[in-house]
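The structure under discussion appears below in the form of structure tokens.
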There are 2 protein chains.
Amino acid sequence: MRKTGRPTMIDVAADAGVSLKTVSRVINGEPSVDPGMAERVAASVQRLGYHRNALAASLRSGNRDTIGFIAADLSNTFYMAVAAAVSAVAARDRMHLVMTSSEEDADTERFLALDLCQRQVGGLIVVPTADDHAYLAREVELGTPVVFLDRPGSGIPADAILLDNTGGARAAVAELLAAGHRRIAVLLDRRGIFTMTQRWAGVEEAFAAAGRAPDPALVIDGLHTPAMARDAMQRLLDSGDAPTAVFCANNRVTIGALEAILTAGAEVAVAGFDDFELSRLLPRRIRIVDYDVSDLGTRAAETLLARAAVPATGSQTHLVPTRLVDRGGIH
Amino acid sequence: MRKTGRPTMIDVAADAGVSLKTVSRVINGEPSVDPGMAERVAASVQRLGYHRNALAASLRSGNRDTIGFIAADLSNTFYMAVAAAVSAVAARDRMHLVMTSSEEDADTERFLALDLCQRQVGGLIVVPTADDHAYLAREVELGTPVVFLDRPGSGIPADAILLDNTGGARAAVAELLAAGHRRIAVLLDRRGIFTMTQRWAGVEEAFAAAGRAPDPALVIDGLHTPAMARDAMQRLLDSGDAPTAVFCANNRVTIGALEAILTAGAEVAVAGFDDFELSRLLPRRIRIVDYDVSDLGTRAAETLLARAAVPATGSQTHLVPTRLVDRGGIH
DNA sequence: CTGAAAGCGCTAACAA
DNA sequence: TTGTTAGCGCTTTCAG
């Protein structure tokens, strides 16, 4: 029983009068064990309240049974939903999910990634914040699969699960144009963010396809919070020449813009990227670029587990499709 | 380098021409090491791409550096928000969070709890689904602290972090009564759920304080999804004698009820337990029993870490307060 | 089918 | 300040 107070296999073996290895066999359900012995061992396990030490088992066997997940921002429900999906897939394989967050800080990401590797995770799902992931090269080489999620990584061979950002934005804006809107505002979060770059590209493509171009006066970026988006929208509404439609590049922006529009009772058509809770209860009909959030997590986890089973054979990028849907319109 | 391909402290020691223990000292930043040696070791670490094996370290030292969290339902954003808060607190202490979910199944909860213990977690935060936690008695006795969250556990000495369910529900219903409402509907999720029992008690207290009692015809329980709540509310509205107010015992119920009410354009005052995303954007003013979700997680994590530091001295139950707030009313 | 011995990679205890 | 030895609790290897 030594220090920790927890009984070990040795204690069980002594109690049952068998060898250490026999206990190990019983605990791990290995086939060739005499039923009588198995019974004796089981009884001792019960009596002593034995629980195997999974750390020791992993150390010796080299089995890796946890997946590390590094989100970019835990206060964002998007990542939490992804984490939930990853956890569900992991559970199917009796793996556990260690959930962390870089809080959009590159150094934190790096620290966490290496920390998780030290804990011998079987794989890593990362929402990249750093723009160089060479620091993981060694681990990947040594057999720890890495999957990037939502944004691409760089510097190492790793799969990536991304949204069809460009296609989704293009479709939304194309529809506004097709509906005859000519003064279309575009509200963006920070341009440096990967998804923003891609969605903006989609916006430009839609305009180009219609033989037009976005009006620079109606394009506002750097809107990182709903409050900023609300104020920006407010200013557009207050300007002499308000837009007749607006495309919002993510849900925080959409929510902020809606706050301004609904409060002002303005007649502005709204299309936004990302669905959000309760969009269905909005008093106004809006168009949303929707996708299956958990699909991102599920695919990331499945890709990771597949890689863990069969070592690297060239990395792939999976695009998760989007679709335009109606929301709101109650009342 | 043996099997795994990963260099070990032995490799580093050999490369640097020092002893194993010296490497260990350098890696762990122990004070009394000659700077020159430290440098040599650091150089070897760099050259070999050495990373310490945290599993081996924990096995030997007995240090436990992860916290296990068993949510009841990962699709519920409430638990995800709690998990995020726990993760944030854990990160402060350089601990990691292993996130799992019982999916409201008692056997799964038990399995996960024991599995996490086998992985030598430093503590367990559990949203109880099982109604007897005696299976954890042994682990608690052996020094693994357990904190129950949102619902009380039983059978073992453990702290609990609960919401003031009764007080919140009482306040909400008291206000509806004070506003002169006499036909007040009460929509509940399944009665067996702890929070429902407590909130229902609050409802009864409020009625009793006003010298009245709830009208059984207007009390509907078992509403586990927004769709069920919507349909139930619909039936109430369609009945000859519709209520003038409704108290919804959780956010799913509130959302479902609102859907029916807004669609029908009915004049029904709404008060609900639990805030939800975008409640502010609702076209109607409603009253919400609000509380700080992350506070629950933060307190749970802090309580757990405190217990881990200073062994049991009688378990406590913490009540997280609620407050009535206004939501909606845009337009 | 069962057991003895070795050792996973590290840290604790003690010596030098 | 540095090194030696033992051993955390388990699985692997190989012999019986």
Side-chain angles (χ1 to χ4, degrees), chain A residues 1-41 44-45 48-65 115 117-122 142-143, chain B residues 1-41 44-45 48-65 115 117-122 142-143:
Chain A
M1 288 252 193
R2 36 207 79 60
K3 290 189 216 168
T4 67
R6 286 171 166 84
T8 72
M9 275 193 181
I10 295 182
D11 300 315
V12 175
D15 187 84
V18 298
S19 85
L20 174 58
K21 178 61 205 181
T22 300
V23 176
S24 172
R25 287 198 177 97
V26 173
I27 295 294
N28 293 300
E30 283 174 37
S32 52
V33 178
D34 181 88
M37 286 214 139
E39 196 116 335
R40 283 226 311 284
V41 171
S44 296
V45 164
L48 300 179
Y50 170 80
H51 289 297
R52 86 198 270 265
N53 183 327
L55 250 46
S58 294
L59 173 60
R60 183 61 243 245
S61 69
N63 286 343
R64 296 159 180 282
D65 43 19
D115 193 4
C117 286
Q118 294 190 174
R119 280 177 196 197
Q120 314 299 108
V121 292
L142 258 30
Chain B
M1 288 251 190
R2 37 205 79 60
K3 289 191 219 167
T4 67
R6 286 171 166 83
T8 73
M9 276 193 181
I10 295 182
D11 300 315
V12 175
D15 186 83
V18 299
S19 85
L20 173 60
K21 181 62 204 182
T22 300
V23 177
S24 171
R25 288 197 176 97
V26 173
I27 295 293
N28 293 299
E30 283 174 36
S32 52
V33 178
D34 181 86
M37 285 214 138
E39 198 117 331
R40 283 227 311 284
V41 171
S44 297
V45 165
L48 300 180
Y50 169 79
H51 288 299
R52 86 197 268 266
N53 183 327
L55 250 48
S58 293
L59 173 61
R60 182 63 244 240
S61 70
N63 285 343
R64 296 160 181 282
D65 42 20
D115 193 5
C117 286
Q118 293 191 175
R119 287 190 155 113
Q120 314 299 107
V121 293
L142 257 30

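Naming convention: chains lettered A, B, ... in sequence-line order (proteins, then strands); numbering from 1 in each chain. Here the structure is a predicted model, which is why all the values come from computation and not from measurement.
- Within the 4.0 Å cut-off from OP1 or OP2 of dT11(D), at least one side-chain nitrogen or oxygen of Asn28(A) is found.
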Inset, instruction - Determine, stepwise, if the pair Asp15(A) / Arg40(A) fulfils salt bridge (Lys or Arg N to Asp or Glu O under 4.0 Å). - result: CA-CA 9 Å; Asp15(A) 187 84; Arg40(A) 283 226 311 284; over 6 Å; no
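- Between Leu59(B) atom CG and dG7(D) atom C1' the separation is 9 Å, expressed in whole Å.
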Polar atom pairs between nucleotides 2-5 of chain C and protein, under 3.5 Å, N or O only, would you list them?
from: dT2(C); atom 1: OP2; to: Asp34(A); atom 2: N; distance (Å): 2.7
from: dT2(C); atom 1: O4; to: Arg25(A); atom 2: NH2; distance (Å): 3.4
from: dG3(C); atom 1: OP2; to: Ser19(A); atom 2: N; distance (Å): 3.2
from: dG3(C); atom 1: OP2; to: Ser19(A); atom 2: OG; distance (Å): 3.3
from: dG3(C); atom 1: OP2; to: Thr22(A); atom 2: OG1; distance (Å): 2.4
from: dG3(C); atom 1: N7; to: Arg25(A); atom 2: NH1; distance (Å): 3.4
from: dG3(C); atom 1: O6; to: Arg25(A); atom 2: NH2; distance (Å): 3.0

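- Within the 4.5 Å cutoff, side-chain heavy atoms of Ser19(A) are placed close to those of Thr22(A).
- Interface remark: the Arg60(A) side chain does not form any donor-acceptor pair with the dG9(D) base, using a distance-only criterion of under 3.5 Å.
- If you measure from atom CD of Glu30(A) to atom P of dC10(D), you get 14 Å, rounded to the nearest angstrom.
- With sequence neighbours excluded, the residues forming a side chain to side chain donor-acceptor pair (under 3.5 Å) with Asn63(A) are Ser61(A), listed by chain and number.
- More than 12 heavy atoms of other residues, nucleotides or ligands shown are found within 6.0 angstrom of CD on Glu30(B).
- Residues passing the side chain to side chain donor-acceptor pair (under 3.5 Å) test with Asp115(A) are His96(B), sequence neighbours excluded.
- When each of Pro31(B) and Ser61(B) is assigned the nucleotide of DNA chain D bearing its nearest heavy atom, the one mapping closer to the 5' terminus is Pro31(B).
- Just one of Ile27(B), Val23(B), Val26(B), Leu20(B) meets the side chain to side chain contact (heavy atoms under 4.5 Å, CB included) condition when paired with Val12(B); it is Val23(B).
- With hydrogens and angles left out, the side chain of Arg6(B) and the base of dG9(C) share no donor-acceptor pair within 3.5 Å.
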